[in-house]
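Report on the following structure.
Proteins get letters first, then strands, A, B, ... in listed order; numbering begins at 1 in each.
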Protein chains: 2
Amino acid sequence: MGFTDKKLLSVLKKHGYKLTPQRRAVLKVLSSSQEHLTPADIFEKVQPEYPGIGLVTIYRLLQILTEFGLICEIHANDNSRRYLIRRQPEHHHHLICSSCGTVVDFTDCDLSGLGKRLSRETGFEIETHLLEFVGLCRSCQKEAT
Amino acid sequence: MGFTDKKLLSVLKKHGYKLTPQRRAVLKVLSSSQEHLTPADIFEKVQPEYPGIGLVTIYRLLQILTEFGLICEIHANDNSRRYLIRRQPEHHHHLICSSCGTVVDFTDCDLSGLGKRLSRETGFEIETHLLEFVGLCRSCQKEAT
DNA sequence: CACCTAAATGATAATTATTTTCAATTACAA
DNA sequence: TTGTAATTGAAAATAATTATCATTTAGGTG
């Protein structure tokens, strides 16, 4: 599981951000969703809780959450626009279905060896990495006949 | 080194695409560039060779090249728009500077073990993966004081 | 070489995602 | 309760990409 909305709210508060009902509503949606949502998805899901919220407000909150590393983004899947996602505990990666776009998270990756080598060879000070596997999920394999 | 423009042209021809001077010019730029270029970058670089080329034409060619896996894309680096790049021999990955955006390619990665495990656990039929390291390049480390 | 046709081009407009601007509203500290 | 700076949302501005379509052209054919 990821962060609760209470946790997210407290982080915002700690950094001097105001806790508006709009933000509460968005965080509620984000923290209770198992899927990876676009800003537009979030907009729709917030309607019942806070009709009339501005899409802009969502963009702004997502920007703040990104700064604090509370959400992360899906990068692969060229054609579809960039996705914003609710986050798992910490550092994790994605396994993405190239057909239907389903995303599965996984956490284990051991790239420290490779990271160290790259660092030595290139002089880079490595901060993080992004790892995504792309493939066909079970149900799309079946459909493929 | 990547593909020569002759090689690229022959691939297009083999698939029934016409070899227009515009395409020749774009391929020349792509095959001789060491950097990762946006469509707009390419547009500019093609000017001397073929002034008046349409940006659309570039988009269209990039789309074709993508289909044949002759170029690949940079995904990380959130803020900057998606980058199109000239490709190294085959499967490879990127090391991206989070400050200046410089991209270094590297080829070695051993993720077959992880891939197999994921496949077993999730039922996915894994096709490929995307691996990007993000960090500070040497010169940006210095600037950071 | 001249001709024919489907493919390709480029100007323009249309889409779509995201950001900016700004006046009105509101959270919350005092 | 009040003051104020942060926040909101409508609307416009940017920006990237795609679609439309009349015109041009590459390249095969006779």
Taking the side chain of [X] as heavy atoms from C-beta outward, which of [options] is closest to it?
X	options	result
A:Pro39	C:dA8, C:dT18, C:dC28	C:dT18
A:Val56	C:dA11, C:dT18, C:dT20	C:dT20
B:Pro21	D:dT8, D:dA26, C:dG10	D:dA26
B:Arg60	C:dT21, D:dA26, C:dG10	C:dG10
B:Thr57	D:dT17, C:dC28, C:dG10	C:dG10
A:Tyr17	D:dT7, C:dT19, D:dA16	D:dT7

Figure out the [atom1]/[atom2] separation between [X] and [N], and round it to whole Å.
X	N	atom1	atom2	result
A:Ile64	D:dA6	CD1	P	12 Å
A:Leu12	D:dT8	CG	C1'	15 Å
B:Lys13	C:dA8	NZ	C1'	16 Å
A:Leu9	C:dC28	CG	C1'	15 Å

Upstream residue (5' side of DNA chain D) when B:Tyr59 and B:Thr20 are each assigned their closest nucleotide: B:Tyr59
Residue whose nearest DNA chain D nucleotide is more 5′ - B:Leu19 or B:Gln63: B:Gln63
Parallel, tilted or perpendicular: ring planes of B:His129 versus A:Phe133, cut at 30 and 60 degrees: tilted
Touch class at under 4.0 angstrom, heavy-atom based, for B:Arg23 against every strand present: sugar-phosphate
Side-chain N or O of A:Gln22 closer than 4.0 Å to phosphate OP1/OP2 of D:dG9: yes
Short side-chain N/O contact to D:dA16 OP1/OP2 from B:Thr38, under 4.0 Å: no
Student check: side-chain heavy atoms of B:Leu27 and B:Leu65 closer than 4.5 Å: yes
Option from A:Leu9, A:Leu12, A:Val29, A:Asp5 for which side chain to side chain contact (heavy atoms under 4.5 Å, CB included) with A:Arg24 holds: A:Leu9
Nucleic acid contacts of residues 40-53 of chain B, taken as heavy-atom distances under 4.0 Å to DNA chain C: B:Tyr50, B:Gly52, B:Ile53
Short side-chain to backbone donor-acceptor contact, A:Gln47 and A:Phe43, under 3.5 Å: yes
A:His92 (side chain) donor-acceptor with A:Phe106 (main chain) under 3.5 angstrom: no
side-chain contact (heavy atoms from CB on, under 4.5 Å) against A:Arg60, all qualifying residues, sequence neighbours excluded: A:Val56, A:Thr57
Within 6.0 angstrom of A:Glu127 CD, more than 12 heavy atoms from elsewhere: yes
